[in-house]
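Read through the structure below, which is laid out as structure tokens, and then see the notes.
Residue numbers start from 1 in every chain, and the chains themselves are labelled A, B, ... in the order their sequence lines are given, proteins ahead of strands.
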Protein chains: 2
Amino acid sequence: MSFASKGMAATAQDEAYRAILQDIRSGRYQPGERLIPETIARELAMSRMPVREAFQRLANEGLVLIRPNRGCVVSGLTIEEIYELFEIRSVLEGLAVRLAMPRFDAAALAELDDHLVRMHRAGAAGGADWLGKHQEFHAYICGLSGRPKLIARIAALHIAVEPYMRVWLHHVAQPAHATERQDEVVEAIRTGDAEHAEAVMRDHVLRTAPRLAEFLRSRGQAAGALSTLPASAQI
Amino acid sequence: MSFASKGMAATAQDEAYRAILQDIRSGRYQPGERLIPETIARELAMSRMPVREAFQRLANEGLVLIRPNRGCVVSGLTIEEIYELFEIRSVLEGLAVRLAMPRFDAAALAELDDHLVRMHRAGAAGGADWLGKHQEFHAYICGLSGRPKLIARIAALHIAVEPYMRVWLHHVAQPAHATERQDEVVEAIRTGDAEHAEAVMRDHVLRTAPRLAEFLRSRGQAAGALSTLPASAQI
DNA sequence: CTTTGTAATAGTGGATACACTCATACAGAA
DNA sequence: TTCTGTATGAGTGTATCCACTATTACAAAG
């Protein structure tokens with residue numbers, strides 16, 4: 001179930017939130033693109049008030065930028081910002097795995113191996129859902145930390161970079177699964193040494209950043225658009 | 001200027017946000033207390049719509065809890081949750097100080113000493129503003145990391161526990177300044193060893209948690225109320 | 001042709017109105 | 001008395017409306 005939030009939308013506002021979030025994660029709404037409440041409201045068959053409130057939530061998660069009287073745009077991340085998010089994620093996931101260590105019994109380790117298999121299979125099958133499996137892998141480890149607020153923060157970070165990861169994985173022939181070496185993380189967990197596992201997880205998370213950054217730099221993307229957009233729509 | 005956000009409120013919604021945030025931080029609105037949009041709107045001479053949108057922002061920062069059709073309450077933290085926030089803060093501030101290390105020149109170190117002096121002075125003068133000075137100290141170090149998103153996240157964590165810190169410091173005779181040993185952090189920074197500084201900062205942040213927790217436990221607070229509240233208002 | 005001022009339009013923030021939900025109090029039945 | 005059903009009121013969620021802002025297109029002046 002990766003980092004997707006579950007449950008049904010109880011209110012129209014919640015429905016709007018989920019719909020917009022989904023469209024940002026999937027890349028339908030691209031960085032720099034302006035979101036017009038009226039349009040989205042019509043699409044979802046509601047008034048623009050719940051949509052506006054959904055914007056607020058998204059803005060607080062950094063997924064969208066609202067400037068007074070100037071509307072709401074999907075926030076593009078600069079390469080520096082993407083780096084920063086990976087840095088933050090590295091220490092948070094490092095913390096998570098350290099806290100999770102006591103809970104890694106034989107069953108949990110077996111499940112971890114299952115995750116590796118699923119990831120590998122998804123990668124071999126073209127990589128379309130590799131990202132999802134990868135997030136599930138991380139979510140499983142973080143989940144064992146038993147720290148809800150920590151988990152929520154890590155999930156938010158995964159979501160923030162997801163659109164960029166998506167184009168990256170879509171454009172490279174073999175997705176990162178070949179080089180990402182998740183098994184190093186599992187191996188470190190297996191040693192039982194919490195400090196070591198934390199250090200390995202940190203490295204593991206950070207290792208992705210420069211390669212993603214390089215890809216985005218080569219395409220001149222990030223901070224602006226995943227596709228061509230009018231200059232006025234830029235951040 | 002500690003972790004307070006600056007600038008004027010451009011919009012009514014922003015004004016509402018700042019006002020409510022201030023009242024939560026200061027302890028005027030206490031954990032478990034229900035916030036009624038109409039009332040607050042009247043106080044601020046606006047309609048309840050911008051107040052509702054301010055609620056959304058506060059909810060995303062975890063300061064407030066909104067349940068559909070059941071209104072908005074100031075979220076009380078359990079002792080476990082407070083621990084968790086300190087854990088998160090420890091790794092984030094550890095990261096911040098590590099990243100800040102290259103920027104600690106003589107001038108920065110001198111400023112750091114100034115912060116220590118100001119904190120000590122505030123502590124000696126009764127400790128009323130010790131908390132503010134303490135936050136400024138941390139904010140200064142984090143600021144040197146040059147990582148805006150990291151800084152914002154740390155600031156949010158400081159704010160989340162501020163109400164609890166406030167009652168604690170108000171009830172103990174000598175505020176933490178005597179035992180907190182901030183100078184250990186400064187000393188570690190002075191060595192120039194980034195790894196060491198990170199480790200010391202982590203310890204420093206974590207050290208506060210058990211003592212705050214013990215205090216709250218002794219008063220039977222946290223998770224509920226800083227004062228007596230009807231059971232129906234509990235989380 | 002470029003620049004500058006102006007009008008038109010799209011879009012935003014906020015207020016109000018209305019329907020619905022929830023909680024409480026109270027009355028009647030067991 | 002205790003329990004249960006109902007009524008009442010407070011509060012919430014959403015739609016609609018209005019005033020204001022910003023942007024764009026266009027026209028007149030240079």
Are R118(B) and D129(B) ion-paired here, with the side-chain N under 4.0 Å from a carboxylate O? no
Between [N] ([atom2]) and [X] ([atom1]): distance, integer Å:
| X | N | atom1 | atom2 | answer |
| --- | --- | --- | --- | --- |
| N69(B) | dT14(D) | CG | P | 8 Å |
| I36(A) | dA10(C) | CD1 | C1' | 9 Å |
| R42(B) | dG14(C) | CZ | P | 19 Å |
| M46(B) | dC18(D) | CE | P | 22 Å |
| R52(A) | dG14(C) | CZ | C1' | 7 Å |
| R48(A) | dT16(D) | CZ | C1' | 9 Å |
| R70(B) | dG11(D) | CZ | C1' | 13 Å |
| L35(A) | dT12(C) | CG | P | 10 Å |

Is the distance from OP1 or OP2 of dT12(D) to the nearest side-chain N or O of T11(A) less than 4.0 Å? no
Counting any heavy atom closer than 4.0 Å, what does Q13(A) reach on the DNA or RNA strands: base, sugar-phosphate only, or nothing? sugar-phosphate
Which of these nucleotides, dA15(D), dT12(C), dG14(C), is closest to any side-chain atom of S47(A)? dA15(D)
Exercise: do Q135(B) and Y140(B) side chains pair donor with acceptor under 3.5 Å: no
So, do H115(B) and H138(B) have ring centers that fall under 6.0 Å from each other? no
How far apart are the closest heavy atoms of P50(A) and A16(A), and which atoms are they? O-CB, 4.2 Å
